[in-house]
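Step one of this worksheet: look at the structure below.
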Amino acid sequence: MQGSLTITLVFALLFASVAFANNVNSVTILEKTTMTIADCFHLLEKNNVEAKMSKLRLGLEQDSLQEQSNEFNTGFSADYNVSSYEFGGATVDSALFGTRRDSENMSFQFDQPLKLGGTVGLKYDQNKAETNSAFGNPESYSSALSLTWQQPLFKKAGSISSLYGYNRQRLVLDRQRLSTEDDIIKLRYDMLLEVLDCLRKQETIGIRKRSLATNRLLLSASQAKQKAGLASNLDVLEAKLQLTEAQTNLRKSKGELDKAYNKLARRLGVTLRKNCHIDFPIEYATAVIDESEAIKKAMLHRRSLSRQRIEVRLREIDLEYYRNEDKPDIALTTTLQRSGEGVTRNSGNELDNQSYMVGLKYTTRFGLRDEHVARKTYQKQLSLARLEMEKQEDDVKLEVKNFLQELEDAKAVVKLAREQKLLAEEKFKFTQRAYENQLRTLMHVLEAEEDMTLKSADYVTSLVNHLTARLNLLKSMGAPLSLDSLGSGAFSR
C-alpha cells in the first residue's frame, strides 16, 4: 500500500535525497521565511554547543596521540670542539716535542626509535690533533662510523613500553571518535524529532484554518436559512459557538507551533523570524524489513558496541602489559663499525679497521609487589568488560526487535487513520447535502465537520508517528542519520 499527503511543510528528510549547499550562510538563513532540512543540519553542526564540545574532546585525544607518537621521532645530536694547549717553559723536551697542541673534535648521531620497540642508531666521530714538535707525530687523526640496532625480545617489556602507550592511545582515540559520532547522531536524532513536531503542529494549523473557513460558511448558511424561516435561532447560536471554538483551537495551535519553533531554534543556535517555517514534503510508503538483517546491521554499525569492543581490547592489553612488565628485558644488539687512524703526516701510515658485533643485553628489575592480587584485579576488569559486551549486544537485539514491532504498529495505524479520514470526509459531504435538502439538522453538520477535523489531525499524527518509528529503527541500527543517509533507500532497507 502506498499513499501520499502534500502539505505546506515540505519535508524531504526521510524519503528523498537532498543536495546540501556547503556555502549556506547562517545570517542569510535567518532572513529566510522558509528553512529546508539541509539548513537545519548545517546550523546544528555549526552552532550547537554540544556538537562543538564533542569535537573539542576528540581534538584533545588527538593531541594526546600526537604526544605519544613524538616518542618515535628521529633524534639528532651534534658536537664540535676546538681546543689549544700551551706547554710552559723552554726546555730541551719542549724544543723536541713542541710547546703547543691544537685539537679538533666533531661528532653527530642519529637515533630512530622503531614501533616494534627497538632503536636504530648511526654515529660518526672524527678527531684531529697537531703539535709544533720538530719530529715525531706532529699531526694525527682518527674517525669512526658505527651503525647500531637494538631490539627487545619480550613483548611489552623494557623499552617497548612506549609502543604500548602509543597503541593504547590509538584505541582511546578510536573510542573517543566513536563517542563523538554517537553524540552527533544523538543531536541529529533530537533535532529531527523536533522538526517532526514542528511538522505535525504546522500541518495542524492548516487543518484548523480549513475548519475555521468551513465553520464560517456554515454560519453564513444558517443565517441565510434563518432569514428564509428554515432555521431556528438555536441553529445560528450553535454555528457561532462552533466557529468560536474553531478560532480558539487555531489560536492554541499557533501558540504550540511557536513553542516548538523556539525549542528547535535553541538547538540550532539561532533566532528564527516570526513567520519562518520549515519546507518539507512528507511521503508514506511501506516496506518489508527483515529482522535478522536489521540486527546484523545493528551489530556492525552501532557505535556503542564498537566502543565496548575497544574497551575489552584495552583491558586485554592492560593485562598483557602487566604480565610482561616485570619480565627481564633482553635485547638483541647489533653493531657495524668502521674506523680509520692516521699516525703521521707524511709516511702514509694509515689504519682501516672494520668490526661487527652481535650480543644480548640483559636487564632485570627487582621490587616487592603483590603480583597475585594485582593480576586478579586486571583479570576481573577484563571479565567485567566482556560481560558488559554481551549485555549490550542483547540489549541492542531487543531494541531493534521492539522498534521493528513499533514500525509495524505505526503502519497499521496509518492505514486505519487514512480510512477513518476518508470516511469522515464522505460523511461530512453526505450530511451537508442532507442538510441542504432538509433531511438533517445543522447540529448533524457541525458534528460531522468536527469529526472530519479530528480525523484529519489524527491522520497527520499517524504519519508523523510512522516517520518517528522509522527514525527510531534507523538509529537502533546504527545509521549516521546524516542528510545523505536519510533517503528512501536507507529507510526502505
- request: Could you grab the distance from atom CG of L257 to atom CG of L199, nearest 0.5 Å is fine?
  value: 10.5 Å

message: Applying side chain to side chain contact (heavy atoms under 4.5 Å, CB included) to T377 and Q381, what does each step give before you reach the verdict?
response: CA-CA 6 Å; T377 299; Q381 290 175 348; 4.0 Å; yes

statement: The reported gap from CD in E426 to CE in M452 (rounded to nearest 0.5 angstrom) is 11.0 Å

task: For side chain to side chain donor-acceptor pair (under 3.5 Å), just list the numbers for D111 and Q109, CA-CA rounded to whole Å, side-chain angles, deciding distance to a tenth of an Å, and then say yes or no.
output: CA-CA 7 Å; D111 292 299; Q109 180 172 345; 3.2 Å; yes

message: Under the criterion side chain to side chain contact (heavy atoms under 4.5 Å, CB included), I'd like the reasoning laid out for Q126 against S107: C-alpha separation, chi angles, the key distance, then a yes or no.
response: CA-CA 6 Å; Q126 178 178 289; S107 67; over 6 Å; no

- prompt: Got a second to check how far K401's NZ is from Q405's CD, nearest 0.5 Å?
  reply: 12.0 Å

- request: Before accepting this row, confirm whether a basic side-chain N of the pair E181/R303 lies closer than 4.0 Å to the acidic partner's carboxylate O.
  value: yes

T248 OG1 to E245 CD distance, which is reported to the nearest 0.5 Å: 7.5 Å

- request: Looking only at non-hydrogen atoms, find the nearest pair between E194 and K263 and report the distance.
  value: OE2-CE, 3.5 Å

field: Close side-chain approach of K123 and T148, heavy atoms under 4.5 Å
entry: no

field: Crowding at CZ, R170 (>12 non-hydrogen neighbours, <6.0 Å)
entry: no

task: Compare all side-chain heavy atoms of L423 with those of K455 and state whether any distance is below 4.5 angstrom.
output: no

task: Decide yes or no on side chain to side chain contact (heavy atoms under 4.5 Å, CB included) for K201 and Y261, but give the supporting numbers first.
output: CA-CA 10 Å; K201 291 175 178 177; Y261 269 120; over 6 Å; no

message: I'd like to know if K186 and D182 make a salt bridge, using a cut-off of under 4.0 Å between side-chain N and carboxylate O.
response: no

query: Any salt bridge between E291 and K397, counting N to O under 4.0 Å?
result: no

message: Salt bridge check, E399 against R302: does any charged N sit closer than 4.0 Å to a carboxylate O?
response: yes

field: Minimum heavy-atom distance between S253 and T204, given as atom pair plus value
entry: OG-CG2, 3.8 Å

- request: State, with a plain yes or no, whether a side-chain heavy atom of L192 is found less than 4.5 Å away from one of I37.
  value: yes

message: For Q308 and S304, which I'm curious about, is there any donor-acceptor pair between the side chains at under 3.5 Å?
response: no

- request: Evaluate the side-chain proximity of R175 to E311: yes if any heavy-atom separation is below 4.5 Å, no if none is.
  value: yes

message: Looking at R200 and D197, is there a salt bridge between them, counting it only when a charged N and a carboxylate O are closer than 4.0 Å?
response: yes

task: Could you check if a side-chain atom of V396 sits within less than 4.5 angstrom of a side-chain atom of L305, using non-hydrogen atoms only?
output: yes

task: Search all heavy atoms of F403 against all heavy atoms of S476 and return the closest pair with its distance.
output: CD1-CB, 3.6 Å

Side chain to side chain donor-acceptor pair (under 3.5 Å) assessment of N472 paired with E406: CA-CA 9 Å; N472 289 337; E406 179 184 301; 3.1 Å; yes

query: Could K421 and E425 be called an ion pair, given the rule that one side-chain N must be under 4.0 Å from one carboxylate O?
result: yes

- line: Minimal heavy-atom distance between A294 and V400, with the atoms involved, is CB-CG1, 3.8 Å

query: Can a salt bridge be assigned to the pair D394 and K391 using a cut-off of 4.0 Å between side-chain N and carboxylate O?
result: no

field: Candidate pair N48 and L268, rule side chain to side chain contact (heavy atoms under 4.5 Å, CB included), full reasoning
entry: CA-CA 6 Å; N48 187 269; L268 299 180; over 6 Å; no

query: Can you name the nearest heavy-atom pair linking V312 to L382, along with the distance?
result: O-CD1, 3.7 Å

query: Any side-chain heavy atom of R57 sitting closer than 4.5 Å to one from S179?
result: no

field: Residues R313 and E316 bridged, charged N to O under 4.0 Å
entry: yes

field: Salt bridge present between K55 and E45 (N-O < 4.0 angstrom)
entry: yes

task: May I ask you to check whether D79 and N81 show a side-chain donor-acceptor distance below 3.5 Å?
output: yes

- prompt: Taking N262 for the side chain and D258 for the main chain, is one N or O donor matched with an acceptor at less than 3.5 Å?
  reply: yes

field: Verdict with reasoning, N465 to T468, per side chain to side chain donor-acceptor pair (under 3.5 Å)
entry: CA-CA 5 Å; N465 290 342; T468 302; 4.9 Å; no

message: For a 4.5 angstrom cut-off between non-hydrogen side-chain atoms, does R309 reach M389?
response: yes

Ion pair check, R266 and E50, cut-off under 4.0 Å: no

statement: Output for pair (F428 CZ, T453 OG1), nearest 0.5 Å, gives 8.5 Å

query: Which heavy atom in Y378 sits nearest to a heavy atom in L319, and how many Å separate them?
result: CB-CD1, 3.5 Å

Side-chain heavy atoms of L187 within contact of R267, under 4.5 Å: yes

Spatial distance of atom CD1 (I205) from atom OG (S211) [nearest 0.5 Å]: 13.5 Å

